[in-house]
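To start, the structure itself, in structure tokens.
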Amino acid sequence: MKVVTTNNAPAAIGPYSQAIVTGNLVYGSGQIPVNPQTGNIPEGITEQAHQSCKNVKALMEAAGTSMEKVVKTTCFLADIKDFAAFNEVYAQYFVSNPARSCCAVKDLPKGVLCEIEAIAEI
């Protein structure tokens, strides 16, 4: 296994890695919409979805792959009413239409509105 770290995505806020490469796959930890340079969280689901997607992209690139090679995502929303708005942003980044699960959860870290985790081929 190889641990993936990058300053272009938020640092882990617990006892876990940003991503792990094993075999020909990278497993990315869930990415919340924290700007890695400032630590700020944007307002609203649209901007938060963009930031979460950018963070996933940074992890994939640090692992030596790309968004086009993502095979599976799991997405968490604080409010299922944000599903349509989230999808509009998500579709701009995950153009290969990977397999996906998406659900609403009671709470997310730091009170954010969305979180995305991804698995990709190297």
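- Not one N or O on the side chain of Gln51 forms a donor-acceptor pair closer than 3.5 Å with the backbone of Glu47.
- Judged as a ring pair (Phe, Tyr, Trp, His ring centres under 6.0 Å), the pairs with a partner in residues 68-87 (not counting sequence neighbours) are, in order, Phe86-Tyr90.
- Within the model, atoms CD of Gln31 and SG of Cys114 stand 11.0 Å from one another, a figure rounded to the nearest 0.5 Å.
- In plain terms, the two heavy atoms of Asp82 and Leu77 that are nearest each other are C-CD1, 4.3 Å.
- Rounded to the nearest 0.5 Å, atoms CD1 (Ile41) and CG (Asn35) are 10.0 Å apart.
- By the rule that hydrophobic residues join a cluster once side-chain heavy atoms approach within less than 4.5 Å of another member, Tyr93 and Val26 end up as members of one cluster.
- Other residues, nucleotides and ligands place no more than 12 heavy atoms under 6.0 Å from the CD atom of Glu43.
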Between Arg100 and Thr74, does a side chain to side chain contact (heavy atoms under 4.5 Å, CB included) hold up when you go through it step by step? CA-CA 6 Å; Arg100 181 179 95 170; Thr74 304; over 6 Å; no

Chi angles and distances behind the side chain to side chain contact (heavy atoms under 4.5 Å, CB included) call for Glu68, Val95: CA-CA 7 Å; Glu68 291 77 17; Val95 296; 4.3 Å; yes

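- Few gaps surround CG on Asn24; more than 12 heavy atoms of other groups in view lie less than 6.0 Å from it.
- Atom-to-atom distance recorded for Lys57:NZ and Thr65:OG1 is 11.5 Å, nearest 0.5 angstrom.
- Nearest heavy-atom pair, Pro10 versus Ile32, reported as atom, atom and distance to 0.1 Å: CG-O, 4.2 Å.
- Residue Tyr27 is not grouped with residue Val70 when hydrophobic side chains (ILVMFWY) are merged at heavy-atom distances under 4.5 angstrom, including chains of intermediate members.
- Hydrophobic clustering (ILVMFWY, side-chain heavy atoms < 4.5 Å, transitive): Val4 and Val34 are in distinct clusters.
- Rounding to the nearest 0.5 Å gives a distance of 11.5 Å between CD of Glu121 and CD1 of Ile119.
- Side-chain atoms of Ser52 do not come within 3.5 Å of backbone N or O of Ile116 as any donor-acceptor pair.
- The shortest non-hydrogen separation linking Pro33 to Pro42 is O-CD, 3.1 Å.
- Across all non-hydrogen atoms, the minimal contact from Pro109 to Glu115 is CD-OE1, 3.9 Å.
- Between Ala58 and Asn8, the shortest heavy-atom contact is CB-O, 3.2 Å.
- Side-chain contact between Leu25 and Ile122: absent, with no pair of heavy atoms (C-beta onward) separated by less than 4.5 Å.
- In this model, a donor atom of one side chain and an acceptor atom of the other lie less than 3.5 Å apart for Lys72 and Ser101.
- Between Gln18 atom CD and Asn55 atom CG the span is 9.0 Å, to the nearest 0.5 Å.
- In this structure, Ile45 CD1 and Asn87 CG are separated by 10.0 Å, a value rounded to the nearest 0.5 Å.
- Between Ala78 and Val112, the shortest heavy-atom contact is CB-O, 3.8 Å.
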